[in-house]
Every structure is written in C-alpha cells, then in structure tokens.
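Below is one structure, written out as structure tokens; the observations come after it.
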Amino acid sequence: GTRYAGGYRDENYGHAHLPSVHYWSIWNEPNQGAWLAPQFVGGEPYSPRLYRELYLRGHQALSETGHGRDLILAGETAPLGSNGGGARTPMRPAQFIRELFCLQPNLTPYAGAVASARGCGLFSQFAAQGGWQMSGWAHHPYTKKLAPTSRDPNPDSITLANIDDLGTLLDTVANTTHDIPAGKSLFITEFGYETKPPDPFAGIPLSTQSAWLNVGDEIAFHDPRVLSTTQFLYRDQAPLRNHARGSRGYWFTYQSGLRYASGRAKPSLLAYAFPFNLSPGAPGAGGQGMFEAWGQLRFRPNYTTTDVLGLQFRPQGGTTWTTKATAAITNPVGYFDMPLVAQGRGTWRAVWLYNDSPLIGSREIPVAY
C-alpha cells in the first residue's frame with residue numbers, strides 16, 4: 001500500500017516515483033491448492049479460514065496506507081473444484097464462499113465447536129474494523145471446453161452459465177450473516193478459452209473461441225450485477241521448453257490469447273474488438289422469427305457520438321448484402337442490442353459506419369434458419 005500510494009520512489013530506474021494504485025484485488029484463486037494450501041485438513045475445509053485472515057490483514061494494511069476509499073475486491077475465485085478433501089484438492093467456489101462466511105451447506109451459521117474449528121471467531125475482528133468493506137466480488141467463470149451457456153453438473157461450481165448464482169449466494173450470505181451488504185457488484189477478472197492450435201490438449205478451435213468469447217461477453221452484459229469483464233490472456237504464453245516438445249508439460253502454460261505467442265493475431269482478436277452475436281428471440285407480433293442482435297464497437301473510443309451501425313443480410317448462395325436495420329450508437333462504451341426479423345438461411349453482418357460513410361469494418365455470422 002505504501003509503495004503504490006503515489007509518493008514512493010522506485011529502488012531502480014532512476015528512483016522515479018511509482019504511480020498510485022486505486023484498484024486492488026486480494027489474492028488469486030484462494031480455492032485452488034496451487035495458490036493457497038492446505039485447502040482441506042482432515043477432510044474439512046481449511047482454505048476459507050486462511051483467506052478470511054489474509055483478506056482482513058490485507059484490507060487493514062491498505063486502509064492504513066491511504067487506500068481505504070479505493071476499490072478493493074474479495075474473492076478472485078476459480079470456477080470449478082474436485083471431490084476429495086486433500087491439502088491441494090481444489091474447492092468449488094460455492095462451498096468456499098459458504099465456508100468463508102461460516103455457513104453450513106444448508107446456509108445456516110455454524111455454531112459451537114464446529115464454528116471455532118473453522119476460525120469463525122475472526123468475525124469479531126472484522127466487526128471492529130467496520131466489517132468486510134469489500135467493493136465487490138471477483139470471479140473467474142471459465143467453462144474450459146464448454147460453451148458459455150453450458151453449466152457444470154456440480155451445483156457448487158460457478159461458471160459463466162450460472163454466474164447469477166454467485167450474486168444470489170452472496171445476497172444469501174448478506175441476509176443471513178449481515179457481514180456484507182446485499183447487492184454487491186461482480187467483477188469477472190479472468191475469462192477466456194485456450195485454442196487448438198497451438199495447444200493440442202486444452203484448446204478449442206479458433207473459430208469457436210471467437211464465437212464463445214462473444215457469447216460470454218453478452219451473458220455478462222445482460223447480468224446487472226456484473227460490473228466488468230477481463231479477457232485472459234491478450235497474448236499466448238510461450239510453452240515450457242524444459243519439457244519434451246509437444247507434451248502436456250510443454251503446453252502447460254495458457255494459450256487463451258487473442259494473439260499467438262509470436263504476436264500474430266488469432267481470429268478472436270477481431271471478434272474481441274468488434275463483438276457481435278445473434279440469438280433467437282421471441283416471435284414477433286406477426287409470428288415471424290426474430291433474432292436479438294447484440295455487440296459492441298469496443299475498438300472505438302468511449303463516448304463517441306458519431307458512430308452508426310448497420311445490420312445487413314446476404315441470402316445463402318447470394319452475393320448482395322441488404323441493409324435490414326441501422327442504429328446510432330448512443331451507449332457510452334459502444335454497446336448495441338436490437339431486434340432483427342429472421343430472413344432465412346444466409347449470413348448476417350454487423351457493419352460499422354462512420355457518419356453514414358461507406359463500409360469501414362464488419363463482423364459476419366452465418367445462420368441456418
């Protein structure tokens with residue numbers, strides 16, 4: 001906190017002043033054994049107890065160094081876990097959150113010796129400092145090789161497909177324990193998909209990455225609790241060259257970038273810069289098929305007031321694009337969300353127009369109905 005309060009001189013680089021920081025998140029994936037251990041002791045959850053104290057001390061230190069009014073996030077939880085109960089067995093996030101706030105699986109508080117064994121007495125120290133005082137909850141709702149709309153079968157997992165369960169659980173905590181206020185914002189601080197190529201083990205096809213990133217962004221957009229999303233990564237990590245080339249160990253690093261490690265762009269770079277997704281909507285007044293067209297001119301500066309969007313259709317086998325709808329983009333960060341009448345088989349494209357000038361940039365989606 002002292003180092004990034006705005007007046008600290010770096011030990012290197014000519015002793016220049018380091019910038020002030022006002023956006024913090026305490027720890028990373030505390031429900032994963034690689035980041036915090038032990039996860040379980042004697043088969044009973046233990047990492048929530050560790051994280052409870054880490055957060056208390058971290059927040060206290062930030063407050064004492066001038067950062068008390070900064071945005072400070074709790075959680076940074078990973079989406080999945082495993083059965084087991086070992087020191088490094090990953091804990092599913094819903095269980096982690098319940099245990100963190102000393103709630104049993106039935107969402108009633110632990111009491112007596114069971115509560116003491118979980119370190120629940122630390123809450124008195126939180127209360128003395130004004131409670132948790134978290135600005136929001138950070139989460140990494142990866143779905144791995146599943147579409148953003150596909151839920152994990154375990155109800156204690158929280159991926160993008162059931163991200164609303166996270167807000168519901170936190171509100172239950174708030175109403176049951178009163179340790180945090182209800183309605184706290186959610187921050188998706190990591191989300192992405194590894195691609196094949198280059199990763200032959202964990203990757204999905206390049207075109208699928210493009211489509212699923214856009215679907216994921218739309219899910220987050222429609223959840224009023226989600227305040228921000230962060231793509232992880234921008235550029236693939238290099239493989240681990242101390243492992244045999246092409247082995248799982250060689251590809252252990254993350255290949256979820258919008259660019260390859262070499263810097264060459266993947267198709268997802270355009271998809272991320274210009275998100276566009278079509279999803280079936282409710283039938284129109286005349287019973288005709290409808291789409292919801294959603295997207296964002298993410299590549300444009302915020303608060304731009306001169307952008308126009310065109311939605312065009314080309315029938316299957318055809319060569320001519322026909323504009324079916326246009327709209328001025330008034331959202332301050334360039335989002336659009338509008339209905340479209342289905343036109344049958346063919347391809348839709350979202351077209352960025354500047355002051356009604358000719359076509360400048362576009363994203364295409366084929367439809368089979």
Side-chain angles (χ1 to χ4, degrees), residues 1-32 34-36 50-78 100 122 125-126 128-141 180-181 184-192 217 220 225-238 240 253-265 269 272-273 296-305 331-334:
T2 299
R3 185 176 180 85
Y4 295 103
Y8 191 92
R9 289 190 177 275
D10 195 285
E11 296 83 357
N12 304 298
Y13 304 106
H15 300 281
H17 276 107
L18 290 173
S20 58
V21 171
H22 301 285
Y23 185 170
W24 308 83
S25 202
I26 296 178
W27 216 254
N28 179 64
E29 298 191 348
N31 58 323
Q32 299 289 294
W35 294 106
L36 187 61
L50 291 174
Y51 181 70
R52 195 182 304 133
E53 186 155 0
L54 284 167
Y55 184 85
L56 172 66
R57 305 306 178 196
H59 197 290
Q60 180 182 7
L62 289 173
S63 296
E64 291 174 354
T65 53
H67 297 282
R69 294 183 178 274
D70 288 0
L71 188 146
I72 303 175
L73 303 181
E76 292 291 346
T77 38
L100 183 65
L122 188 65
Q125 297 183 45
F126 272 100
Q129 296 184 30
W132 281 73
Q133 300 183 63
M134 66 177 186
S135 304
W137 189 271
H139 188 57
H140 307 164
I180 59 174
K184 278 295 182 182
S185 294
L186 307 179
F187 293 75
I188 296 176
T189 47
E190 287 187 24
F191 186 72
D217 273 350
R225 294 287 287 271
V226 175
L227 196 61
S228 72
T229 63
T230 302
Q231 160 67 21
F232 185 91
L233 292 159
Y234 176 68
R235 183 169 174 167
D236 286 353
Q237 293 178 298
L240 298 176
T253 54
Y254 272 90
Q255 314 304 318
S256 57
L258 308 176
R259 294 182 181 274
Y260 295 102
S262 67
R264 182 166 59 93
L269 182 62
Y272 186 78
Q296 182 188 17
L297 304 185
R298 183 177 271 144
F299 59 93
R300 297 288 288 146
N302 290 348
Y303 301 101
T304 301
T305 59
N331 182 278
V333 290

Nearest 0.5 Å please: distance from the [atom1] atom of [X] over to the [atom2] atom of [Y].
X: R264; Y: L269; atom1: CZ; atom2: CG; result: 12.0 Å
X: N31; Y: H139; atom1: CG; atom2: NE2; result: 8.0 Å
X: I188; Y: L227; atom1: CD1; atom2: CG; result: 10.5 Å
X: I26; Y: L62; atom1: CD1; atom2: CG; result: 5.5 Å
X: N331; Y: Q296; atom1: CG; atom2: CD; result: 7.5 Å

Margin query: Centre-to-centre under 6.0 Å for W27 and Y55, is that the case here?
Written below: no
Margin query: I'd like to know whether the aromatic ring centres of F232 and Y254 sit less than 6.0 Å apart in this structure.
Written below: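 Yes, ring centres under 6.0 Å apart.
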Notebook entry, point to check: Quick one: salt bridge (charged side-chain N to carboxylate O under 4.0 Å, His left out) partners of R225, sequence neighbours excluded?
Noted result: D171
Checklist line | Listed partners of Y8 passing side-chain hydrogen bond (donor to acceptor under 3.5 Å, both in side chains), at least two apart | finding: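 In terms of side-chain hydrogen bond (donor to acceptor under 3.5 Å, both in side chains), with neighbours along the sequence ignored, Y8 is linked to E11.
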Donor-acceptor contact present, side-chain [X] to main-chain [Y], <3.5 Å:
X: T304; Y: R300; result: no
X: D70; Y: I72; result: no
X: K184; Y: W137; result: no
X: R235; Y: R259; result: no
X: S135; Y: L73; result: no
X: H22; Y: A5; result: no

Any donor-acceptor N or O pair under 3.5 Å, side chains [X], [Y]:
X: E29; Y: T77; answer: no
X: Q255; Y: T253; answer: yes
X: Q133; Y: H59; answer: no

Note to self: Whether R298 engages the ring of Y272 as a cation-pi pair (distance to the six-membered ring centre under 6.0 angstrom, angle to the ring normal within 45°) should be assessed.
What the structure shows: yes
Checklist line | Any side-chain heavy-atom pair of Q231 and F191 under 4.5 Å | finding: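 Contact flag for Q231/F191 side chains = no.
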Next item on the list: Taking the side chain as every heavy atom from C-beta outward, state whether R9 and L18 have any pair of such atoms under 4.5 Å apart.
Entry: no
